[in-house]
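This report refers to the structure that appears directly beneath it.
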There are 2 protein chains.
Amino acid sequence: MVSLTPRAERLLKALIEQYIAEGQPVGSRTLVKQAGLEFSPATVRNIMSDLEEFGLIRSPHTSAGRVPTERGYRFFVNTLLAVKPPKTWDMTSIEDRFLADQDPQQLIESVSGLLSQVTKLAGIVRVPRRADVGFLQLDFLALSSTRVLVILVTQDGQVLNRVIHPKRPYSASELQQAANVFNGAYAGLSLAEVRRSLVDALRRDSEDMQQILRSAVEMAHQVFAGEAMSEAPLFVSGESNLLAFPELSNTEKLRRLFEAFTAKQDLLHLLDQSMVSQGVQIFIGAESGYEALESCSVVTAPYEVDGQIVGTVGVVGPTRMSYDRVISVVDVTARLLSGALSHGLPG
Amino acid sequence: MVSLTPRAERLLKALIEQYIAEGQPVGSRTLVKQAGLEFSPATVRNIMSDLEEFGLIRSPHTSAGRVPTERGYRFFVNTLLAVKPPKTWDMTSIEDRFLADQDPQQLIESVSGLLSQVTKLAGIVRVPRRADVGFLQLDFLALSSTRVLVILVTQDGQVLNRVIHPKRPYSASELQQAANVFNGAYAGLSLAEVRRSLVDALRRDSEDMQQILRSAVEMAHQVFAGEAMSEAPLFVSGESNLLAFPELSNTEKLRRLFEAFTAKQDLLHLLDQSMVSQGVQIFIGAESGYEALESCSVVTAPYEVDGQIVGTVGVVGPTRMSYDRVISVVDVTARLLSGALSHGLPG
DNA sequence: CCCTGGCACTCGGAAAGCCGGAGTGCTAAG
DNA sequence: CTTAGCACTCCGGCTTTCCGAGTGCCAGGG
């Protein structure tokens, strides 16, 4: 870790803040004026020279001002940034969203929209991979003589449904009974485990299985084999906000970025990393390790249900973003979401 | 309607096809070469001059070639275009999607992705506004003593669920009974009508209502009052495909367009229009009436369930798109979707 | 020793000028 | 009516010029 004189730190902070605000390389003169520094441009130039040696800033070319490097941003967020609570205006618009009492599921999905609206960047939310969550119960509901609605409820309150066409008609009471037997047999496992058990049970095809359980297993298998189970558990919104940033508006990069949003693969991996530790995490530029996120930063924070981390919320924007604002927004959103989910479930 | 000499029509067709393929203004010389015309560039210039007077083509500037106007595209699709069935390759990739037996709901949502993949443009799907579809049945499922999962099934196979927290605990049989009574009372109405009835029933608060129905009405009301009911019934995918087109890559237009995709309002109105009549509809450029879709065309086709139009599939791309290909893809997709939905439901 | 004013230097970006090419419109001849 | 020829236009790309912003360095002053 580099150590700078207090003056150099002050300067760097002012420079980065200025650059975040304006998006233009900032020169010694403007920096003196803007930050109200008590020394001259020449001095500033000397200090800048040092900062450049440390790799914290660089000049795009000889006679432009300086812009922060990724390392500069990193130093900035690590040691120069005092994260304040969100502006009251932001705060209220976030809280409003959580006041409306909704389904956990709907709430989670809406959070990405919330984040994008408040930060004017792209909001992302990663929900638990379906296969990983706990199985709570299954129910069969006859829609007609040939169609049965299978409802799968997970322990975290997600509901999955699918219509299947069983081989023979079942009466309502048969279905009821089948569900009861099934729930008894598979209570407490994770969805992935249930799926595995189902495959086993079908393969064994044992005669000793109750007839009714057999039916249930066959029908349930159709749900657990469905692609809904392996769906990428990621919501993105407000991608179009990123079009407003000139540093991203140039064709190829933008293209890559948007494809990353659609493919979701990379983002998912990134958010997985962020789930291992608590609190806000920040990936600046290449730190994320994904080419598509080259000149972007990602700010994430995990949220939890009953003390257990289950997902992540976050924001994607250009490296030149208002880290203090974004960090506080992401942080408070994750907290409120955790609260809303943990509050809503027990009781 | 303008009437052109066969030669002029041939020329126009060749010009538009060339322009769609290359995206560059096309001049007399290249046109002669490319289309293998048996007359000279000078003649072509004369004819082009006529076409320009008719407003079918225009030159971006004096010494560029000609590009089609919106009117030109319109004439092209109306009278010059022979819509062929999709290329076999497209066809198989479409059919593959429909082979996988899925939920109607999942199928519908996946179609926008399908369209965008096949056409390399943005795919859109409009599903019935929730409030308009017919009510089929409601069910209550106890998750815990304080949480009840309400499952709402519509006649077209959509399933809506929501967790509510009733005032007092209900036993499974009470819930069962409540659902039965409720289903009997509201069978056959549209969701909007059900909602209205519920509000009425709650307002009247009449003593003569069965106790169990009262409970059902109260719980159901929480579902019908939820925002899921009024959700914009529109799916968009593959927006990022549009970044590949140079004519759209210029900042502000693109921005508008993407905002239209997020806001959904305009697209929804447009698709509403397309639902009134059968078959493929094409909105070229300003024809749609929405500024955001300025240099875009929209190709749509309604799909039906049991002979009733219930939604629309479509594609959004630059006015310079391969209309023949896109039209046939949209058409066949709508047909297959109708087939899959109508096939799956009865039985 | 550090700060500061001064100065020469560099470089990018805008403006201006200069082709070359592609394409047109017109005209006159076949 | 078609076509070859020709003059003309205008865009795009290229170079040139110029200006301004900003730097680095140096020498003088606190």
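Here is how names work: the chains are called A, B, and so on, in the same order as the sequence lines, proteins then strands, and each is numbered from 1. Note that the structure is predicted; figures quoted are calculated from it, not measured.
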If you look only at distance, which donor and acceptor atoms sit under 3.5 Å apart when one is on a side chain in residues 52-61 of chain A and the other is two or more places apart or in another chain?
unit_1	atom_1	unit_2	atom_2	d
A/Glu52	OE1	A/Arg66	NE	2.9
A/Glu52	OE1	A/Arg66	NH2	2.7
A/Glu52	OE2	A/Ser59	N	3.3
A/Glu52	OE2	A/Ser59	OG	3.4
A/His61	ND1	A/Ser63	N	3.4

Query - Close residues, residues 39-49 of chain A, relative to DNA chain C [heavy-atom separation under 4.0 Å] - result: A/Phe39, A/Ser40, A/Ala42, A/Thr43, A/Arg45, A/Asn46
Requested in this report: Kindly write out the residues that satisfy side chain to side chain contact (heavy atoms under 4.5 Å, CB included) with A/Ala42, not counting sequence neighbours, or none if the list is empty.
Outcome: A/Ser40, A/Arg45
**Report entry** Residues which pass side chain to side chain contact (heavy atoms under 4.5 Å, CB included) with A/Lys120, listed by chain and number, not counting sequence neighbours
**Finding:** none
Report task. Rounded off to whole Å, could you give me the CG-to-P distance for the B/Leu37 and D/dT2 pair? Result -> 13 Å
Query raised in the report: Does the side chain of B/Arg7 get closer than 4.0 angstrom to OP1 or OP2 of D/dT2 through an N or O atom?
Result: yes
Query raised in the report: Between B/Arg74 and B/Glu287, is the closest basic N to carboxylate O distance under 4.0 Å?
Result: yes
Report task. For B/Glu53 and C/dT24, give me the distance from atom CD to atom P, rounded to whole Å. Result -> 15 Å
Listing, residues 32-39 of chain A side-chain donor-acceptor contacts under 3.5 Å, not counting sequence neighbours, or none:
unit_1	atom_1	unit_2	atom_2	d
A/Gln34	NE2	A/Gln18	OE1	3.3
A/Glu38	OE1	A/Arg10	NH2	3.3
A/Glu38	OE2	A/Arg10	NH1	3.4

Show me the side-chain donor-acceptor pairs of residues 265-272 of chain B shorter than 3.5 Å, one per line, residues at least two apart or across chains.
unit_1	atom_1	unit_2	atom_2	d
B/Asp272	OD1	B/Arg126	NE	2.9
B/Asp272	OD1	B/Arg126	NH2	2.7

Query - Cationic N near anionic O, under 4.0 Å, B/Arg256 to B/Glu259 - result: no
Query raised in the report: A/Leu51 CG to D/dT23 P: how many Å, rounded?
Result: 12 Å
Requested in this report: Mind checking salt bridge (Lys or Arg N to Asp or Glu O under 4.0 Å) for A/Glu22 and listing every partner two or more places apart, or none if nothing turns up?
Outcome: none
Query raised in the report: Which residues pass the salt bridge (Lys or Arg N to Asp or Glu O under 4.0 Å) test with A/Lys87, sequence neighbours left out?
Result: none
Requested in this report: Within residues 9-31 of chain B, find the residues that approach DNA chain D with a heavy atom at under 4.0 Å, and present them sorted by residue number.
Outcome: none
Query raised in the report: How would you list, by chain and number, every residue that makes a side chain to side chain contact (heavy atoms under 4.5 Å, CB included) with B/Thr319, sequence neighbours excluded?
Result: B/Tyr73, B/Ile284, B/Ser297, B/Tyr323
Are any protein N/O atoms closer than 3.5 Å to N/O atoms in nucleotides 8-10 of chain D? If there are, list each pair with its distance.
unit_1	atom_1	unit_2	atom_2	d
D/dC10	O2	B/Ser63	OG	3.0

Query raised in the report: Tell me: CZ of A/Arg58 to P of C/dC11, nearest whole Å?
Result: 16 Å
Requested in this report: Mind checking side chain to side chain contact (heavy atoms under 4.5 Å, CB included) for B/Asn46 and listing every partner two or more places apart, or none if nothing turns up?
Outcome: none
